[in-house]
Amino acid sequence: MEYRPSDIEPKWRNWWKENQTYKVDNQPSKPKYYILDMFPYPSGAGLHVGHPLGYIASDILARYKRLRGFNVLHPMGYDSFGLPAEQYAIQTGIHPEVATEQNIARYREQLDNIGFSFDWSREVRTSDPAFYKWTQWIFMQLFNHYYDLDADKALPVSGLVAHFSKNGNAGVRAVCDEDTPVFSAAEWNDMDERAQQLLLLKYRLTYPGEAYVNWCPALGSVLSNDEVKDGVSERGGHLVERKLMNQWNMRITAYADRLLEGLNDLDWSDSIKEQQRNWINRSVGASVRFEVEGHEGTLIEVFTTRVDTIYGVTFMVLAPEHELVQQLTIDTQRTDIESYTKWAAARSEVDRMSETKKVTGAFTGAYAINPFNNERITIWIADYVLAGYGTGAVMGVPSGDQRDWNFATQFNLPIVPILDSQKDIEHNADATKEGRYINSGIINGMTYAEAIPALIQWLEERGLGKGKTQYKLRNAVFSRQRYWGEPVPAYWKDGVPYLIDEQDLPLVLPPVDKYLPTETGEPPLGRAEGWNYKGYEYELSTMPGWAGSSWYFYRYMDPHNDREFCSKTAADYWQQVDFYLGGSEHAVGHLLYSRFWNHFLYDLGLVPHREFAKRLVNQGMIQGRSNFVFRARERFFEEYLMIKVLNPFFAEMGPMPIIKADFEEEHLYDFAFQTNNLVIEVTSSKQSDKIERVYRTAQSDGKRLLVLYTEELIDHINNPEVTAEKIRNALASQEDYTISKEKPRCEQLFVSLNLLHKYHPDSFTKLHVDVNIVVDDVLQIDKTRGKQQFEKTNFKLDASGKYLCSWEVEKMSKSKYNVVNPDDMVQEYGADCFRMFEMFLGPITDAKPWNTQGISGVSGFLRKFWGLFFNAAGQFSVSDEAPNKDELKILHTCIKKVTDDVERISMNTCVSHFMIATNDLRRMNSAKRAVLEPIVVMLAPFGPHIAEELWRLLGHSNTVCDASWPILNEEYLKTDTYVFPIQINGKLRATIELPTDVNAADAEAAALGLEQVQKWLEGKAPKKVVFVPGRMINIVL
RNA sequence: GCCCGGGUGGUGGAAUGGUAGACACGCAGGACUUAAAAUCCUGUGACCGUUGAGGUCGUGUGGGUUCAAGUCCCAUCCCGGGUACCA
């Protein structure tokens, strides 16, 4: 019987569905294993081949764990709020919910096609009110809690209020805003409700505050960083500026230390933990306040990790957005400062940080006073200082910091050495901490270790600063001026936010007429009619994409609970995620925010662990391999005409007076002949104005004009003789105006890659082409028909009649037309083959471009494996004979390797091991149940359909999912002899077969006795012989 | 720029500091076939040499540690991810 995946795969998928094979119940009697994939955003492009990479790996692990006796939770759902659906809604008017619903249906269909063991009864969607009710509920808990430093956990704000009314905020050690005043109980009790509420916001774990956003005045809305390219909006190219806006924030910095410490116990890759550490970036230093000359009481605070360099400060730099810039700038500098600020506002943070070669800045005209030596230093603004980072001001120490050095050099500011060990500071900054201080007042002669405490003590005694620990981690902006997200369960009264009643949850997203900001620039929710809470206006921003994904892993444990986000029973059983798999691009975004929420939920006693995911593996991205085609621009046609058609004419008729080799527009005519006064104009037939203009010029010059439409050139592009004939006719004719009368068929021309070198690079526009109509970089011309991109198109093909495309590796995305749909692969090769091929591509953690060459190897393997079970007549035929030693060795080698490799998530080598076992068994013509059945079980996680079919053919009535993983017996792997490699000076020169357990002396003697070894020894004795038991022999000469 | 990865034959990749290139793809030759497809067998890092010998080089590049380095250390180049509102 032939292996036909299209027959067996749908059959078993149905059977699994009907028998609820993958339904999971809480079974306290069984050990549990929770394996989770980062859930997908259901995009309109559908699932692409990159998504399943992780899902297949986790599915293999889930099925493997099940075979090893675990009760495995392996759920799937959708992160279904997000920007793309909203963009689509703006363009089409279709409600994002409708589009999202369709996208999910499509994802589900595609996922079902691959044979995953997901328990779909536990599916979650973040955009489902039954789900986001709990996202909103958690938000409310955050609002109602503050971080208490003594308890080192989140505590209810109600306790804080009680404390304030008795003692004021003295004695409260809590994380709060920098500018929180100190107040007494009396002062607190005297405050009105509004003042009290405003004060409490300084403590709450979520609070409204100001943050910079990408504001696009032309679109009247805030843009995501993704939507901004080179300082303008991606759509429309409108100007974008950075603007302060009132936004909800999450006080994640309260958890900075715990998020750092928690990393130590996590079984996550070192690289990801390192990224998180760097992102949080705890730095110990000092804050120093500088007075501003002539501005009594105005202080500029800076944070520095190198307070020891304070005497080397020769200037100060503020972020262009710094609140004091306006006030400090003197009139004569105002124009400079304003134009610089405007320029800087248009630049993104990444641009601002990346630019290190070009130093820019502007002088405010103001001076600050260094508190240590009372020196006047100039105050500048420069875009390398970011407003949202630290205090938005830095002290410039050019001798010790390269960026400061560059700045000082550019603007001719002094560079003062401060350590006797600093070298070469005329050419570079030297950030050393070695040596002793010079030019440094109270710390002269001290070392780094002595100077720091001395300086901090000095500052603290005078109230001019203090030792301080700072984090690079910033509080997270939580508002989005968008429609398609969770509404914030808060309303505004008198400029103060209040939570709605818990019983009014969920606060459901209201309908709006358009998904755009209001005329007054408010978020789309401002359009919702009658949308208010007991007469008060709701918060109009919605939550960001990461809200729902920060806690969804608990919902899978108890997905239908309408009283709690997850019951205690469920959480107690499933505990935490044992294995989490997802893209490395989430290293600091999702994975840090979700850890933060989890720590908070843990503080409230709602979840059993501080960390939600015990083990994490990051899969590499499957990149797209984009193809490009080249559309000819007008310049091409002029060049083409010259090269292919005109040159023979010119050779015959002599050179022309007015033609030059370049094809600039300002030339009067494109080409001209002396013969018969003929001039030629090449242009699109659409440019009738231009044709008329040239015609008039030609008339007044007394020239005869031939107009060649680019479109007619396109029509005959592969046959230049047609055009040559036209020119010949025009040269012979006496008409003063020749123009084609027939309507050209084509409007655009695409030129094959291998012809481009003949033309100027500017002659073409490079465009993405759908990779699904390209095979081996050759465009399938027949498949271009009916495609909008190729309407009225002709192709200039290469000598072999092909159209060759160029290619590049890029992110796989709809806009790049490089999305490959797994359905197509499944259709052609079957789901098992697709699954195994994705695994066979390489290590799960590596990024790689999608490329299907090689899939036939996996397909062939499955057929060969299948063939092991059938005799020459095509009948199922498996023997019950006892296996021999060689067969047992094949089997147990396979058990060992596959078991080891699944445990370390090395799925690609597992596939190889199956191939090796299959090839070996085929060579032996072996078909024994005792060997084949265990391999079927091991194959089941990888190719569940084929394994299920063979399992049943072997006579079982239950599903292969409920079989047991085979047990390794090392005895079968042992060998009596081993072929030892013999190295001379580390290079392989010979081999020798010896007993596996040979001792050093015997091995050495045997090796030295070999003729090949003697040859190298040249009669001398070796200096040394290294013997690694059971492995190798190295002879050192 | 900064942080984190990665770089091995024509290609995807394999390799607890111990025989570099497992397993596949591709390619070449052969078998079967009227033929093609499919299938099967053999070969396949480069170079020199050749009798089935043997040798030199070889894991981005340049150094180093070691009896032994793809693997460890230092420097450097290139590619990918993240860079706080894509998810």
Side-chain angles (χ1 to χ4, degrees), chain A residues 38-41 43 79 81-84 87 211 213-214 222-228 247 252 269-279 281 348-357 384 388-389 403 472-482 544-546 549 583-590 592-593 618 620-621 623 809 811 813 837 840-843 845-849 851-858 860-861 863 906 908-909 911-916 919 979-991 1012 1015 1022-1026 1028 1031-1037:
Chain A
M38 289 183 192
F39 60 171
Y41 173 78
S43 91
D79 191 10
F81 272 134
L83 208 47
Q87 289 306 7
V213 294
N214 300 312
V222 175
L223 300 181
S224 73
N225 290 333
D226 246 32
E227 296 172 294
V228 184
Q247 305 270 40
I252 186 173
S269 74
D270 287 333
S271 67
I272 212 153
K273 291 201 272 189
E274 196 57 23
Q275 281 185 76
Q276 293 213 347
R277 285 193 191 102
N278 292 330
W279 183 264
N281 196 356
S348 73
E349 278 195 19
V350 172
D351 288 345
R352 286 171 57 167
M353 285 187 290
S354 309
E355 186 78 73
T356 47
K357 294 214 174 67
Y384 75 84
Y389 191 132
R403 236 173 4 182
K472 187 171 161 187
L473 180 73
R474 319 201 284 247
N475 281 334
V477 178
F478 197 68
S479 288
R480 299 290 182 266
Q481 277 62 44
R482 300 284 172 185
W546 54 271
S549 62
S584 55
E585 67 273 23
H586 300 287
V588 286
H590 160 60
L592 198 62
Y593 294 134
N618 280 118
M621 224 182 225
Q623 292 147 328
V809 171
K811 240 183 175 173
S813 89
F837 175 65
F840 195 59
L841 279 175
T845 48
D846 287 7
K848 50 195 137 304
N851 192 345
T852 52
Q853 59 172 237
I855 195 166
S856 61
V858 176
F861 154 73
R863 254 176 290 134
S906 174
N908 55 327
T909 50
V911 179
S912 299
H913 302 320
F914 288 124
M915 288 172 169
I916 292 168
N919 291 344
V979 179
F980 283 81
I982 299 173
Q983 298 179 342
I984 311 278
N985 287 338
K987 281 203 166 71
L988 180 75
R989 296 297 176 186
T991 56
Q1012 301 101 300
K1015 192 178 80 185
K1023 262 190 209 147
K1024 185 177 173 184
V1025 177
V1026 180
V1028 183
R1031 273 216 175 265
M1032 48 78 65
I1033 302 160
N1034 188 15
I1035 297 164
V1036 186
L1037 300 182

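The chains referred to below are lettered A, B, ... by the order of the sequence lines, with proteins before strands, and numbering in each begins at 1.
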Please name all residues satisfying salt bridge (Lys or Arg N to Asp or Glu O under 4.0 Å) with A/R480, sequence neighbours left out, ordered by chain then number. none

Given B/C85, B/A15, B/G81, the nucleotide with the shortest approach to the side chain of A/S224: B/C85

Where are the stems of RNA chain B, defined as at least 3 consecutive Watson-Crick or wobble G-U pairs with both distances under 3.5 Å? B:1-7 with B:77-83, B:10-12 with B:23-25, B:26-31 with B:39-44, B:45-48 with B:54-57, B:60-64 with B:72-76

With a 4.0 Å cut-off on heavy atoms, is A/Q87 in touch with a base, just the backbone sugar-phosphate, or nothing at all? nothing

Could you work out, with ring-ring contact (aromatic ring centres under 6.0 Å, His included) as the rule, every residue matching A/Y41, not counting sequence neighbours? none

Has A/N618 got a side-chain atom pairing as donor or acceptor with A/G583's backbone, closer than 3.5 angstrom? yes

If you compare every side-chain N and O of A/R474 against the phosphate oxygens of B/A84 (OP1, OP2), does one of them come in below 4.0 Å? no

Categorize A/H586 for me: base, sugar-phosphate, or nothing, with a 4.0 angstrom heavy-atom threshold over every strand shown. base

When rounded to the nearest Å, what value does the distance between C1' atoms of B/G10 and B/G21 take? 14 Å

Round to a whole Å and report the spacing from CD1 of A/I855 to C1' of B/G13. 16 Å

Min side-chain heavy-atom separation A/Y593-A/P544 under 4.5 Å: no

If we take the C1' atom in both B/G17 and B/G70, what is their distance in whole Å? 11 Å

I want to check one thing: is the phosphate of B/G12, taken as OP1 and OP2, less than 4.0 Å away from some side-chain N or O of A/N908? no

Starting at the 5' end of RNA chain B and moving along, which residue's nearest nucleotide shows up first, A/Q275 or A/G842? A/Q275

Out of B/C4, B/A20, B/C23, which has the shortest distance to the side chain of A/N919? B/C23

At under 4.0 Å between heavy atoms, what does A/W546 touch on the DNA or RNA strands: base, sugar-phosphate, or nothing? nothing

Is the shortest heavy-atom distance from the side chain of A/W279 to the side chain of A/K472 under 4.5 Å? no

Do A/S224 and A/E227 have side-chain atoms, one donor and one acceptor, less than 3.5 Å apart? yes

Which value, in whole Å, describes the distance between the P atoms of nucleotides B/G13 and B/U51? 40 Å

What's A/V222 touching, base or sugar-phosphate or nothing? Going by heavy atoms closer than 4.0 Å. base

The side chain of A/P981 is closest to which nucleotide in this list: B/U19, B/G18, B/G80? B/U19

Any donor-acceptor N/O pair under 3.5 Å between B/C67 base and A/N1034 side chain: yes

Any side-chain N or O of A/N618 below 4.0 angstrom from OP1/OP2 of B/C4? no

For B/G60 versus B/G12, give the span between their P atoms, rounded off to a whole number of Å. 13 Å

If only side-chain N and O atoms of A/R277 are considered, is one of them under 4.0 Å from the OP1 or OP2 phosphate oxygen of B/C4? no

May I ask you to verify if any side-chain N or O of A/R989 is less than 4.0 angstrom from the OP1 or OP2 atom of B/U56? yes

For atom P, what is the distance between B/G7 and B/C72, given to the nearest Å? 11 Å

If you go through the side-chain atoms of A/E585, does one of them form a donor-acceptor pair with the base of B/C86 closer than 3.5 Å? no

Donor-acceptor pair (no angle test) under 3.5 Å: A/R1031 side chain, B/U16 base: yes

Among B/A84, B/C23, B/C4, which is the nearest nucleotide to the side chain of A/N278? B/C4

Test item: A/K848 side-chain N/O and A/P843 main-chain N/O as donor-acceptor pair under 3.5 Å: yes

Does OP1 or OP2 of B/G55 have a side-chain N or O of A/K1015 closer than 4.0 Å? yes

What are the two closest heavy atoms between A/V222 and A/Q481, and how far apart are they? CG2-OE1, 3.9 Å

Which is more 5' along RNA chain B, the nucleotide nearest A/N851 or the one nearest A/Y41? Just name the residue. A/N851

Just compare B/C85, B/G81, B/G18 and give me whichever is closest to any side-chain atom of A/Q481. B/C85

Taking only the C1' atom of each, what is the distance from B/A15 to B/G9 in whole angstrom? 15 Å

Which one, B/G26, B/A87, B/A84, comes nearest to the side chain of A/L473? B/A84

With sugar-phosphate meaning primed atoms plus P, OP1 and OP2, does A/F840 contact a base, only sugar-phosphate, or nothing at under 4.0 Å between heavy atoms? base

Could you work out which one of B/G81, B/A87, B/A22 sits closest to the side chain of A/I916? B/A22

When you compare the side chain of A/L1037 with that of A/I984, does any pair of heavy atoms fall below 4.5 Å? yes

Apply side-chain hydrogen bond (donor to acceptor under 3.5 Å, both in side chains) to the pair A/S906 and A/T909, showing each step before the final yes or no. CA-CA 6 Å; A/S906 174; A/T909 50; 2.6 Å; yes

Between B/U83, B/U19, B/C85, which one does the side chain of A/N214 approach most closely? B/C85

Determine the interatomic distance between P on B/C32 and the same-named atom on B/C41; round to the nearest Å. 15 Å

Given the P atoms of B/C73 and B/G6, what is the spacing between them in whole Å? 12 Å

